[in-house]
Amino acid sequence: MKILGIETTCDETGIALLEFIKEKDLKFRIINHQLRSQIKVHSKYGGIVPILAAREHKKNLPILYEKLLKETNENPENFDYIAFSYGPGLPPALVSGKEFVFNLAKKLNKKIIPVNHLLAHIYSVLIPKNRLNIIQKIKNINLPAICLLISGGHTILIYTDDLKKFRKLGETKDDAVGESLDKAARILGLEYPGGPKLEKLAKKGRAIFNLPRPMIGRKDFNFSFAGLKTAFWELVEEVKKYNKFDEETKKDLAASYQKAAFETLIIKTKKAYEKYKPKSIIVTGGVIANNTLRKMLIKIFSKDKLIFPDKTLSTDNGINIAFTGYFFVDKAIEPEKLEIYPLLDI
Ligand code: AMP
Ligand code: MG
């Protein structure tokens with residue numbers, strides 16, 4: 001079975017063609033995948049401009065699709081389904097993806113599998129190395145599991161017994177942790193997306209500044225990162241007042257911010273772990289590309305309990321979407337139904 005996966009929820013345009021081979025086990029191969037980041041377009045604005053994201057997706061989707069066809073010599077008639085990430089995401093960006101998918105599905109006379117973007121982040125941990133057994137990989141995940149989903153747009157703790165049904169335990173009430181790292185980086189004068197740049201700077205710094213760990217005293221599993229960002233802004237203003245905003249201090253500030261944000265994530269996850277006693281902890285989404293966070297998590301929870309996606313799959317891409325789509329072929333719809341497809345949350 002061949003599934004084309006399309007991702008346009010944020011600032012990455014992703015297209016992937018996957019083939020699933022079901023014999024005595026289940027294997028897949030990535031026939032081709034294309035990914036175009038819009039970082040250059042948005043960085044001068046310090047963050048993602050939704051309407052520009054939509055324009056870029058519209059421009060890039062046909063280019064990447066043609067590139068995929070050219071590199072593979074595939075006949076699109078042979079695709080079985082088109083999976084696409086219907087949300088959650090930036091509404092204008094989603095509309096661009098939806099239009100492209102609708103027109104392509106109509107032209108090729110194919111059904112569409114609408115894939116929840118958050119689920120695709122979770123399912124990214126089920127993706128084995130190319131051509132290896134998927135069923136085995138899934139069996140290796142001990143259930144129940146809690147999942148910490150940390151990306152540019154989301155910070156959610158989720159519980160699952162079976163990787164099919166998911167229960168939200170808590171989520172951020174304001175900024176997502178990725179967004180907060182990007183904003184802290186911006187306060188330090190780093191370019192968008194700041195998360196990876198903040199990590200690099202923090203590696204050479206000491207976490208010597210005091211910053212809050214928001215909402216850790218509460219019983220629930222919700223997060224808040226807006227106050228932490230404001231506290232950081234105030235701290236940086238103080239530092240500037242005393243003319244101490246030099247390269248060395250910036251490193252210490254970066255390390256302090258990262259530590260406060262990551263400790264908050266870990267404290268909340270630990271509370272959920274103690275309450276629900278899961279056998280695994282899945283951590284997924286763009287922020288788990290951060291090595292410091294991976295190390296901090298491993299220190300608190302044993303390594304065999306933690307499940308991370310492959311680093312290349314932690315940020316948005318078409319592979320995750322096509323892969324997740326495979327598990328929902330029974331939910332495939334005719335293109336016309338897409339117009340009324342609800343933007344479901346997890
Ligand atoms: P996503 O929304 O899943 O595409 O993830 C994007 C978010 O992940 C952005 O907020 C990035 O700043 C953040 N991110 C990516 N790499 C890193 C990293 N190495 N450290 C911290 N945050 C990161
Ligand atoms: Mg994402």
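In listed order, ligands and their atoms are each counted from 1.
- Judged purely by distance below 3.5 Å, without hydrogens or angles, the side chains of N60 and Q38 never pair a donor atom with an acceptor atom.
- Just one of K70, E74, E71, K67 meets the side chain to side chain donor-acceptor pair (under 3.5 Å) condition when paired with N32; it is E71.
- Where the criterion is an N or O separation shorter than 3.5 Å, residue side chain and backbone included, G194 fails it with respect to ligand 1.
- With hydrogens and angles left out, the side-chain atoms of D174 and S224 include a donor and acceptor closer than 3.5 Å.
- The closest donor-acceptor contact from the side chain of D252 to the backbone of R206 lies under 3.5 Å.
- Distances between N or O atoms of T315 and those of ligand 1 include no value under 3.5 Å.
- Remark: among candidates G195, S151, A202, P196, the nearest residue to atom 16 (N) of ligand 1 is P196, based on non-hydrogen atoms.
- Counting heavy atoms closer than 4.0 Å to ligand 1, residue H154 contributes nothing at all.
- In the candidate list I48, T292, D182, D182 is nearest to atom 10 (O) of ligand 1, counting heavy atoms.
- A cation-pi arrangement, defined by a distance under 6.0 Å to the six-membered ring centre and an angle within 45 degrees of its axis, is absent between K58 and F100.
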Inset, instruction - Apply side chain to side chain contact (heavy atoms under 4.5 Å, CB included) to Y81 and V329, showing your working. - result: CA-CA 8 Å; Y81 295 97; V329 287; 3.7 Å; yes

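- The shortest N or O to N or O distance between G152 and ligand 1 is below 3.5 Å.
- Of the N or O atoms in F262, none lie within a sub-3.5 Å distance of an N or O in ligand 1.
- By the criterion of a heavy-atom distance under 4.0 Å, both the backbone and the side chain of N290 are placed next to ligand 1.
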